[in-house]
Trainee: 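Below you'll find the structure I mean.
Chain letters run A, B, ... following the sequence lines, proteins first and then strands; every chain starts at 1. Any value given below was found using the heavy atoms of this structure, including those in side chains, with hydrogens, waters and symmetry copies removed.
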Amino acid sequence: MKLIFEISQRHRHAAVQAPRPTDISLDIPKELRRTSEPQWPEVSELQVVRHYTQLSLRNFSIDTNFYPLGSCTMKYNPRGVHKLAMTREFLQRHPLAPVEQSQGFLSCAYDLQQMLASICGMAAVSLTPMAGAQGEFAGVAMIRAYHQDRGDHGRTEILCPDAAHGTNPASAVMCGYTVKELPTGADGNTDLERLKAMVGPQTAGIMLTNPSTLGVFDQNIKEVARIVHEAGGLLYYDGANLNAILGKVRPGDMGFDVIHLNLHKTFATPHGGGGPGSGPVGVSQRLKPYLPIPMVTRDEQGYRWLTEQDCPKTIGRLSTFMGNAGIVLRAYIYCRLLGKDGLHRVGEFATLNANYLMVKLQQAGFTLAYPQRRASHEFIITLAKQAKNLGVNAMDFAKRLLDYGVHAPTTYFPLLIPECLLIEPTETESKEELDRFIDIMIALLDEAQNTPETLKNAPHSLPVRRLDDVKAARELNLTWQPGE
Amino acid sequence: MKLIFEISQRHRHAAVQAPRPTDISLDIPKELRRTSEPQWPEVSELQVVRHYTQLSLRNFSIDTNFYPLGSCTMKYNPRGVHKLAMTREFLQRHPLAPVEQSQGFLSCAYDLQQMLASICGMAAVSLTPMAGAQGEFAGVAMIRAYHQDRGDHGRTEILCPDAAHGTNPASAVMCGYTVKELPTGADGNTDLERLKAMVGPQTAGIMLTNPSTLGVFDQNIKEVARIVHEAGGLLYYDGANLNAILGKVRPGDMGFDVIHLNLHKTFATPHGGGGPGSGPVGVSQRLKPYLPIPMVTRDEQGYRWLTEQDCPKTIGRLSTFMGNAGIVLRAYIYCRLLGKDGLHRVGEFATLNANYLMVKLQQAGFTLAYPQRRASHEFIITLAKQAKNLGVNAMDFAKRLLDYGVHAPTTYFPLLIPECLLIEPTETESKEELDRFIDIMIALLDEAQNTPETLKNAPHSLPVRRLDDVKAARELNLTWQPGE
Amino acid sequence: MPYIPHTEHDIQTMLETIGVTGIQELFDEIPKALRIESLEGIPEGLGEMDVSRLMLEKAAQDRRGVCFIGAGAYEHHIPAAVWDIASRGEFMTAYTPYQAEASQGTLQLLYEYQTMMAHLLSMDVSNASLYDGASALAEAVLMAVRANRHSHSKRILVLGSLHPHYLQTVQSIVRAQQIEIEVIPFSAQQGTVDPATLAAYDQQDITALVIPQPNFFGGLEAVDALTQWAHAHKALTIAVVNPVAMAVLKEPGQWGDSGADIACGEGQPLGIPLSSGGPYFGFITCKQEYVRQMPGRIIGCTVDSNGKRGFSLTLQAREQHIRRSKATSNICTNQGLAVTAATIFMSLIGFDGLKKVAENCYANTHRLESLLTQISGVERLFTGPYFHEVALRLPCKVEPVLQQLLAADIQGGIDISPYYDSLKQENALLVCATETKTDADLVYFAEQLKRALHSTV
Amino acid sequence: MPYIPHTEHDIQTMLETIGVTGIQELFDEIPKALRIESLEGIPEGLGEMDVSRLMLEKAAQDRRGVCFIGAGAYEHHIPAAVWDIASRGEFMTAYTPYQAEASQGTLQLLYEYQTMMAHLLSMDVSNASLYDGASALAEAVLMAVRANRHSHSKRILVLGSLHPHYLQTVQSIVRAQQIEIEVIPFSAQQGTVDPATLAAYDQQDITALVIPQPNFFGGLEAVDALTQWAHAHKALTIAVVNPVAMAVLKEPGQWGDSGADIACGEGQPLGIPLSSGGPYFGFITCKQEYVRQMPGRIIGCTVDSNGKRGFSLTLQAREQHIRRSKATSNICTNQGLAVTAATIFMSLIGFDGLKKVAENCYANTHRLESLLTQISGVERLFTGPYFHEVALRLPCKVEPVLQQLLAADIQGGIDISPYYDSLKQENALLVCATETKTDADLVYFAEQLKRALHSTV
Ligand SMILES: Cc1ncc(COP(=O)(O)O)c(C=O)c1O
Ligand SMILES: Cc1ncc(COP(=O)(O)O)c(C=O)c1O
């Protein structure tokens with residue numbers, strides 16, 4: 001397909017979109033002014049509509065495809081949530097609009113803070129982090145602020161399991177910590193002996209997600225909490241997997257001191273081809289003073305902002321305004337739609353779907369990473385056997401699935417399981433859809449045995465065949481140039 | 001693809017969409033109550049979203065394809081128009097809401113009446129007809145009312161050219177008239193001698209469109225008007241082709257007494273897979289008393305409705321309320337966006353595109369129906385030669401175009417040109433798009449000569465191959481039955 | 001240039017290709033005297049930004065409080081997904097599906113629509129839409145005249161409790177075809193037609209009987225007896241029904257012994273916003289034997305040249321583009337997009353949901369009626385069961401009361417006295433409370449009505 | 001069950017397959033003591049209809065008049081097509097394009113975005129977005145520390161005229177990494193930084209200099225001289241710019257002799273609604289030589305196994321999912337959909353349109369300034385050119401005046417005195433009038449301000 005630049009014509013434009021020319025001439029010194037024109041497309045409105053509509057058709061999406069993408073919680077995000085968050089008045093509200101004309105939005109933010117705190121079993125929540133990773137940063141920064149505030153300056157390490165998501169260690173480093181990798185036990189639980197050996201006065205904290213990215217619930221969690229706390233460290237909960245346990249168990253009760261949530265996984269924001277998300281942080285009582293600002297509070301006059309004046313120990317501001325307010329609205333609306341019982345069911349059915357799929361795939365001949373364990377909302381199969389015997393690896397399975405109209409599961413993550421697929425069906429998919437997926441997986445197994453080339457050369461039916469990533473990185477072409 | 005019924009599961013539903021159950025029991029006599037359940041789909045919200053999104057992908061549309069569909073004016077309808085017409089307050093306005101709370105909508109309707117009247121050169125406009133055909137009905141009904149009002153009861157015939165759209169004779173018949181078909185001259189103009197021979201005291205009127213559906217402007221129009229008027233008949237203008245002459249010539253000035261417009265062709269309403277449209281009628285002074293109600297007027301208190309009380313001679317009401325009000329809004333918004341100059345340009349560029357395409361296709365070896373004439377906004381090519389020599393007919397060309405991602409032109413209409421394609425590019429398509437179409441047509445000509453089977457078996461790349469229309473009509477299957 | 005992509009260079013190249021020197025030359029076949037140079041009476045064009053502002057200002061003038069008006073258009077909850085999907089470019093900007101292979105999306109959807117409507121009404125077949133409820137009834141009348149081979153009178157009986165705008169529309173549309181419309185008066189006490197009234201026509205040749213259910217006052221007609229009478233007298237039965245009411249009321253296919261022959265109505269309650277009266281859509285369904293008399297487009301299921309299932313327009317020989325002056329109707333453009341929305345709506349709400357909607361409408365209107373009739377001087381105009389609309393008698397003229405309610409941000413129904421000679425002296429108010437109204441809304445209405453009456457009487 | 005498709009029958013079959021008797025059993029690995037039976041503190045679920053009503057009530061509380069607030073978020077016209085297309089399910093509900101073959105739509109769009117941003121700023125390369133303007137600057141600072149091989153101090157100079165929230169955000173984010181932020185005071189008269197002030201740092205090891213253009217007060221910094229100073233002292237230049245202003249102001253790639261090294265900023269003005277501050281998107285661009293230090297996702301153009309052009313994520317070795325603790329940033333989810341909208345916006349508006357937007361913003365704010373400073377006691381706080389924001393001095397405290405304006409439905413700007421010690425006594429008001437304001441709006445503002453001052457002073 002052509003690039004928008006390649007359908008551009010000099011002096012064409014979508015005329016009604018620009019304001020009228022002004023007659024005022026710009027009184028700006030010459031040396032501060034632009035002199036050249038950028039190579040932007042010059043196209044008509046129909047061309048724009050057609051081009052981007054056509055582009056959209058070259059995507060998989062939840063609206064068109066099943067997406068069993070582990071760790072990503074690709075579930076149906078209600079259209080009603082999106083539409084209401086896009087209400088004209090909400091879109092038009094300036095972030096610095098006076099509180100007198102903002103009570104509607106502020107009340108939603110306030111109520112969401114309360115609801116999330118109670119869902120997580122935490123004392124307070126700040127909504128400002130703009131994605132999971134920024135939530136992690138905020139969380140670890142609070143751990144740091146806590147230790148420093150107590151004059152406990154020797155704590156320089158954060159522990160992360162080897163199965164942790166890449167953002168965990170990256171966030172810890174951004175907070176000035178050294179990261180130590182904690183190995184996982186053969187049963188998928190934390191290896192308590194290794195943990196005991198690794199904690200000490202240098203330990204600022206540990207970052208965990210439970211259920212972990214291995215798709216199992218760490219049964220030793222209370223013990224882990226005890227060990228880390230006794231060593232003076234704090235526990236960080238990566239809430240990316242909250243969908244698994246919504247209404248079933250609360251991170252605060254497990255012993256965690258701080259948590260971030262991914263509103264774009266669990267709370268109804270579609271992924272938008274990469275974002276935006278929102279990563280609120282919740283904390284136990286002792287970390288409350290350090291929460292990032294702004295937050296919303298309520299007094300006799302109504303709802304108002306909490307800023308650094310109200311929160312002198314805050315780790316500070318993480319964005320120009322209050323983070324991804326529109327995503328906050330979506331989460332609020334989603335919570336109100338599902339309510340107590342609806343949220344409770346999310347974890348149940350996400351878990352039911354995952355366990356069903358796991359059992360069926362095992363019956364179909366796939367190898368589970370943790371056959372002894374229950375699946376949480378996700379589980380792992382390993383294709384190590386197929387890779388070795390048939391020369392068909394996890395990536396080949398993934399690409400071939402695309403030909404069947406199913407998005408590939410997460411591949412090669414967590415890193416410790418060779419040739420793995422991390423599969424998360426979510427609660428919004430029907431049994432028929434799962435059964436269809438199982439049938440396809442069985443067909444793939446058959447192809448792997450009989451026509452392995454079909455997999456190795458997949459995909460066959462997409463707009464492009466397998467892409468040359470090496471060339472992309474070697475001969476960097478990141479910007480279209482005229483005459484290309 | 002499956003039908004929605006085929007993915008249904010007993011007791012599944014999109015739960016948040018229904019209100020809560022009530023505790024009131026229905027006090028309705030048993031014999032008035034429903035006892036059975038219809039076979040409706042029972043599906044989840046995600047299933048609905050995915051099913052209908054997937055279905056949408058099996059359509060051609062302006063947003064995805066070039067649509068040179070003669071007589072249909074498939075141009076780009078600005079997204080801004082749609083969005084503004086979908087403004088919450090407009091959508092929520094009840095048709096019987098008091099005028100005090102309706103001045104916004106009423107003012108748009110009023111202004112549109114005025115603008116359309118001036119565009120057409122007519123004295124007054126009623127917006128109520130719900131599509132072109134209902135506009136025709138209203139127009140002919142007014143002609144009838146006029147004659148009857150004058151006690152002129154002997155006029156029983158309406159003349160329609162053989163090239164007329166099927167709705168013209170059908171509408172005349174609905175108004176109780178006999179239709180006489182008027183042959184077209186070899187040059188595409190009305191055959192004046194035949195006309196003279198056909199008019200008389202039995203002539204109620206004539207229905208024309210100019211430029212005609214042959215894609216040429218009837219140069220004898222003033223003469224036609226004189227002949228019909230002298231015979232005591234009135235002239236009806238089918239405004240489906242108004243896009244061709246917007247701002248260039250006004251039907252009122254040509255001598256027409258009544259006109260309908262297709263707002264869904266010329267004034268920015270997309271076709272919606274078959275509708276809705278809107279077919280306002282405009283009339284000269286003498287037909288004004290008969291306009292269908294309701295209309296909008298303005299006095300000191302503001303805007304208000306005109307009803308049968310105000311218009312005792314009206315042909316009456318044509319819909320429950322005021323027709324397709326939302327389409328009326330769209331036309332108003334479109335007129336305000338384009339304004340005087342913008343509307344003026346529509347006809348110019350629609351005509352430029354058509355003439356360019358016509359000349360290029362002729363150069364490429366296609367046979368024009370009227371090679372001596374200018375194209376209006378559309379023109380006709382005839383594939384009679386190809387049909388005879390190569391056995392490849394207009395339908396084969398049409399179906400094969402689909403494989404190239406271009407919607408087929410109108411085929412086999414008007415009926416008097418054998419194996420014809422009626423081609424209307426519209427003003428919103430770029431020269432590049434026209435050039436691409438020309439290249440495809442050349443390729444098709446080549447295929448017709450060298451691999452005619454490719455055309456005869458087309459389409460090849462669509463969701464279905466050529467459909468069996470005979471079976472569809474013979475073994476009627478109009479309703480899915482459970483267990484099918 | 002707004003929405004026109006041509007650059008100066010394009011224009012020059014194109015003109016050269018054509019062999020003319022300017023665009024004006026392309027119009028040289030139009031007699032000079034007829035040509036105009038510019039459009040008068042049209043303001044200068046505005047940018048999208050300015051028009052947006054203008055339209056939002058206009059929209060603000062139409063702001064309104066709680067709406068208790070029904071009378072043929074009903075405020076219902078519309079799931080966000082309905083218009084989100086219906087507005088996809090591929091549905092919204094597609095043409096009528098004449099090129100079936102390039103329109104399988106719309107065609108399959110319409111086939112699903114036909115199925116849902118037929119099943120909802122227990123009728124055999126449905127078409128793919130007509131304009132709206134009133135014009136659908138007009139088409140039903142014309143269809144009955146064609147279909148009833150036993151009758152030659154072209155006389156149609158219509159219950160007087162039919163929506164007055166429907167009656168007017170039918171009259172406007174069938175007038176020229178020598179069809180006679182006879183209105184049967186409704187009982188002043190019940191607000192419905194007593195089947196016994198029909199005895200007056202026992203000896204006449206009647207082509208069809210039109211039965212609204214519920215009727216204009218929300219009242220419920222004795223559909224079985226009426227249908228039986230019609231069939232006994234070789235007249236066809238035309239049902240005019242509210243599709244939401246069909247979730248709880250006996251559906252036309254079950255009326256009498258053999259069911260109504262044609263059932264039509266207004267589709268608006270199925271996911272279409274009020275939007276000042278349109279675009280809505282009319283639905284029409286009938287018994288299989290009358291399908292060839294059906295007006296409008298019909299989609300059929302067939303196979304492609306590989307034997308694969310597909311859909312296409314069928315029985316086109318009924319339509320104007322083939323049959324011209326002998327077509328069953330002049331309709332061409334219909335209400336496709338509204339039907340697209342309605343199909344998605346029906347899939348989302350499901351029959352179970354539709355039933356809850358109907359029950360809530362019923363409950364709210366009955367609760368409202370009981371609140372309002374507790375106000376002294378306010379009473380029901382008629383007795384008998386009703387669905388989600390009820391006619392009340394006020395102790396004073398209706399208009400001034402409605403004006404006062406407006407000031408309290410209530411659109412309190414409509415004054416129906418002007419519609420009927422028999423109600424001229426009655427101060428008759430028609431109110432409706434759909435599932436969208438909360439109990440607080442109902443109570444607020446009652447309070448405000450009390451207050452308004454207090455200051456008016 | 002809301003959004004859960006399982007029927008009772010499905011559940012039973014699935015449980016049997018798994019071999020458990022109930023869903024609860026699936027949680028049996030969770031220690032009993034930890035399990036909860038229900039969620040406290042969450043209200044009962046509501047239907048979509050009830051939630052819609054609730055949200056519209058809340059929205060009504062946020063209704064507002066004309067907005068003259070800027071300060072980092074700007075009200076611009078957004079063509080309807082922008083969000084109509086961006087909201088298509090295929091864009092909105094797609095995941096991050098890790099599976100390139102199934103994501104060519106998003107990937108090509110992002111490649112087009114990168115191109116447009118790079119060209120707009122005359123920089124070599126752009127990434128695919130960061131969170132927002134302030135956090136983008138924080139990332140730029142971290143990037144500069146990694147990229148500047150000549151400097152070991154981790155000392156960053158920041159012009160004091162930078163948006164105070166940007167400064168705070170940078171501080172929160174880089175604090176733990178021993179990076180020192182030094183703020184250069186702005187001239188009390190000009191409201192910009194005099195390049196001569198930098199002489200104080202001539203002898204120091206400076207890693208980077210942060211230059212906002214326009215600055216927080218709308219003022220224009222001497223970008224050439226500042227850039228020259230930085231480069232002469234082996235410091236990198238980080239530009240923080242408003243993308244709309246780039247239509248008329250010299251773009252970072254042209255600053256000084258060799259251009260800024262990194263240019264970043266807030267993307268909101270490019271088609272993103274105000275929406276309470278987000279989701280917006282941060283953009284970041286740099287010279288080719290620093291691309292491997294870039295944070296966030298980058299799309300590259302490549303070929304498929306048939307040699308056909310295609311797009312994929314590239315340089316992933318910089319990112320956390322590959323490099324983990326050694327990544328250039330922790331960012332993962334970014335602002336994809338906002339960038340989708342911005343790309344469509346830029347295509348629709350074109351550079352010519354963007355220039356008209358910028359010129360209208362300039363004209364409106366200058367006209368507003370001239371109207372307001374005609375009011376006695378109101379004057380400019382600083383001299384010198386400004387773009388579409390201007391700081392004024394009022395004759396009295398700002399807050400009460402703003403409150404009075406609110407009553408006239410005007411959001412009259414923000415009180416910036418609290419942000420700076422040097423402005424504490426100044427009654428400083430920052431106002432902005434974008435292209436969305438009409439002349440009538442400006443005149444109305446002036447009238448109301450006059451009135452407010454009259455009653456306050
Ligand atoms: C387990 C886990 N942790 C953290 C993250 C990071 O969240 P975000 O992408 O919102 O920054 C993700 C998301 O991809 C994740 O799956
Ligand atoms: C020439 C002509 N006349 C009349 C009509 C009928 O208009 P409508 O489809 O709006 O009823 C059409 C539209 O198809 C047409 O092309």
Side-chain angles (χ1 to χ4, degrees), chain B residues 13-14 17-19 22 24 38 40 48 52 55-56 58-63 80 84 87 89 91 95 101 103-104 118 130-131 133 166 169-171 173 175-176 179 247 249 270 272-277 316-317 320-321 324-326 339-340 342 356 430-431 462 464-465 472 477-480, chain C residues 2 5 10 14 34 39 41-42 44-45 48 55 58-59 61-62 79 85 88-90 93-94 96 101-102 104-106 115 118-119 125 131 134 168 172 176 273 275-279 300-302 304-305 310 314 320-321 324-325 327 330 333-337 347 350-351 353 356 360 363 435:
Chain B
H13 43 229
Q17 299 305 347
T22 52
I24 296 194
W40 271 21
V48 172
Y52 290 105
L55 272 189
S56 78
R58 297 161 82 87
N59 268 1
F60 275 34
S61 67
I62 280 292
D63 280 11
L84 291 170
T87 299
E89 288 82 355
L91 293 185
Q101 294 191 351
Q103 292 293 302
S118 95
M130 291 179 286
S171 298
V173 165
C175 287
V179 174
V249 46
R317 184 178 278 283
T320 316
F321 301 108
N324 285 335
K340 200 186 174 95
Y356 174 73
S430 65
K431 176 171 174 297
L462 272 75
V464 290
R465 302 294 298 276
N477 173 347
L478 313 179
T479 313
W480 176 85
Chain C
D10 290 339
M14 293 170 82
L34 289 179
L39 278 168
I42 313 288
E44 292 296 326
E48 190 181 293
M55 293 314 292
K58 289 192 184 283
Q61 296 178 37
D62 292 1
I85 306 295
R88 282 175 61 84
E90 293 92 332
T93 73
T96 304
E101 298 84 357
Q104 286 298 299
T106 288
T115 300
H119 288 179
V125 292
Y131 300 133
Q168 290 171 21
S172 314
S275 51
S276 290
C301 179
T302 182
D304 73 2
S305 54
T314 194
Q320 45 73 29
H321 63 283
R324 303 175 72 81
S325 63
N330 68 339
T333 293
N334 60 18
Q335 307 288 111
L337 195 67
S347 301
F351 184 69
K356 290 205 185 95
N360 274 271
E435 87 285 7

Trainee: Is the backbone N or O of B:Glu89 less than 3.5 Å from a side-chain atom of C:Asp62, with the two atoms forming a donor-acceptor pair by type?
Mentor: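 Checked: no pair found.
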Trainee: So which of B:Ala131, B:Pro19, B:Gly80, B:Gly316 has the largest heavy-atom pair count under 4.5 angstrom toward chain C?
Mentor: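 Of B:Ala131, B:Pro19, B:Gly80, B:Gly316, B:Pro19 has the most heavy-atom pairs under 4.5 Å with chain C.
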Trainee: Donor-acceptor pair, distance only, cut-off 3.5 Å: does the side chain of C:Asp304 make one with the backbone of B:Arg465?
Mentor: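 Checking the backbone N and O of B:Arg465 against the side chain of C:Asp304, a donor-acceptor pair under 3.5 Å is found.
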Trainee: Hey, are the side chains of C:Gln335 and B:Asn324 touching, using non-hydrogen atoms and a 4.5 Å cut-off?
Mentor: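 C:Gln335 vs B:Asn324: side chains touch.
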Trainee: Write down the atom of B:Gly247, the atom of C:Leu39, and the distance for their closest heavy-atom approach.
Mentor: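 Here B:Gly247 and C:Leu39 meet closest at CA-CG, 3.6 Å.
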Trainee: Examine whether an atom of B:Ile62 lies under 4.5 Å from a heavy atom of chain C, and if so say whether it belongs to the side chain, the backbone or both; otherwise answer neither.
Mentor: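 Contact with chain C: backbone and side chain both.
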Trainee: May I ask you to test the C:Leu337-B:Pro276 pair for a side-chain heavy-atom distance under 4.5 Å?
Mentor: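 Yes, at least one pair of side-chain atoms sits under 4.5 Å.
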Trainee: Counting only heavy atoms closer than 4.5 Å, note whether C:Ala102 contacts chain B via side chain, backbone, both or neither.
Mentor: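 Both parts, heavy atoms under 4.5 Å.
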Trainee: Flag the one option from B:Ala170, B:Gly176, B:Ser118 with the top tally of heavy-atom pairs under 4.5 Å to chain C.
Mentor: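 Top option by heavy-atom pairs under 4.5 Å: B:Ala170.
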Trainee: Heavy-atom cut-off 4.5 Å, strictly under: side chain, backbone, both or neither for C:Thr314 against chain B?
Mentor: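 Interface part for C:Thr314: side chain.
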Trainee: Taking B:Gly275, B:Gly326, B:Ala18, B:Ala472 one by one, which has the highest count of heavy-atom pairs under 4.5 Å against chain C?
Mentor: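 That would be B:Gly275.
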Trainee: Please check this pair: side chain of B:Asn477 against backbone of C:Cys301, looking for a donor-acceptor N/O pair closer than 3.5 Å.
Mentor: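 It does not hold such a pair.
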Trainee: Closest approach of B:Pro169 and C:Arg324, non-hydrogen atoms and distance?
Mentor: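 Taking B:Pro169 first and C:Arg324 second, the nearest heavy atoms are CG-CB, 3.9 Å.
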Trainee: Are B:Thr479 and C:His119 packed together at the side-chain level, in the sense that at least one heavy-atom pair is separated by less than 4.5 angstrom?
Mentor: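 B:Thr479 vs C:His119: side chains touch.
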Trainee: Counting only N and O atoms by type, is there a donor-acceptor contact under 3.5 Å from the side chain of C:Ser172 to the main-chain atoms of B:Arg317?
Mentor: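 Answer holds: yes.
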Trainee: Which one of C:Ser305, C:Gly300, C:Gly41 has the most heavy-atom pairs closer than 4.5 Å to chain B?
Mentor: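 Greatest number of close heavy-atom pairs with chain B: C:Ser305.
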Trainee: So, taking the atom named CD in C:Gln61 and the one named CD in B:Gln101, what distance separates them when rounded to the nearest 0.5 Å?
Mentor: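 Answer for the CD-CD pair, C:Gln61 versus B:Gln101, is 11.5 Å.
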Trainee: Check each atom of B:Leu91 against the heavy atoms of chain C and say whether the ones under 4.5 Å are side chain, backbone, both or neither.
Mentor: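 Backbone plus side chain of B:Leu91, per the 4.5 Å heavy-atom cut-off to chain C.
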Trainee: Under a 4.5 Å heavy-atom cut-off, does chain C meet the side chain of B:Val48, its backbone, both or neither?
Mentor: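 Just its side chain gets close to chain C.
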Trainee: Testing the basics here: between B:Gly277 and C:Thr333, what is the closest heavy-atom pair and its distance to 0.1 Å?
Mentor: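 Of all heavy-atom pairs spanning B:Gly277 and C:Thr333, the closest is N-CG2, 3.7 Å.
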Trainee: Hey, does C:Glu44 have a side-chain heavy atom less than 4.5 Å from the side chain of B:Lys340?
Mentor: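 Sidechains of C:Glu44 and B:Lys340: in contact.
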Trainee: Work out which heavy atom in B:Asp63 is nearest to a heavy atom in C:Gly89; give both atom names and the distance.
Mentor: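 For B:Asp63 versus C:Gly89, the nearest heavy atoms are OD2-CA, 3.3 Å.
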Trainee: Between B:Asn59 and C:Glu90, which heavy-atom pair has the shortest distance, and what is it?
Mentor: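 Scanning both residues, the minimum pair turns out to be ND2-O, 3.0 Å.
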Trainee: Where on C:Ile85 is there a heavy atom nearer than 4.5 Å to chain B: the side chain, the backbone, both, or neither?
Mentor: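 For C:Ile85, the side chain is the part near chain B, not the backbone.
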Trainee: Contact between B:Ser430 and C:Asp10 at the side-chain level, heavy atoms closer than 4.5 Å - yes or no?
Mentor: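 No, their side chains stay 4.5 Å or more apart.
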Trainee: Can you tell which part of C:Glu435 gets under 4.5 Å to a heavy atom of chain B, answering side chain, backbone, both or neither?
Mentor: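 Just the side chain, heavy atoms under 4.5 Å.
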Trainee: Short question: side chain of C:Thr115, backbone of B:Trp480 - any donor-acceptor pair under 3.5 Å?
Mentor: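 Between the backbone of B:Trp480 and the side chain of C:Thr115 there is a qualifying donor-acceptor contact (under 3.5 Å).
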Trainee: Any sub-3.5 Å donor-acceptor pair from B:Thr320's side-chain atoms to C:Ala134's backbone N or O?
Mentor: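 Side chain of B:Thr320 to backbone of C:Ala134, a donor-acceptor pair under 3.5 Å: yes, one is there.
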Trainee: Give, for atom CZ of C:Arg88 and atom CG of B:Leu55, the distance between the pair rounded to the nearest 0.5 Å.
Mentor: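 Spacing of CZ (C:Arg88) from CG (B:Leu55) equals 10.5 Å.
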Trainee: Search all heavy atoms of B:Gly274 against all heavy atoms of C:Thr96 and return the closest pair with its distance.
Mentor: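 Closest pair (atom of B:Gly274, atom of C:Thr96, distance): CA-OG1, 3.3 Å.
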Trainee: Among B:Gly339, B:Ser61, B:Ala325, which has the most heavy-atom pairs under 4.5 Å with chain C?
Mentor: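 Most heavy-atom pairs within the cutoff with chain C belong to B:Ser61.
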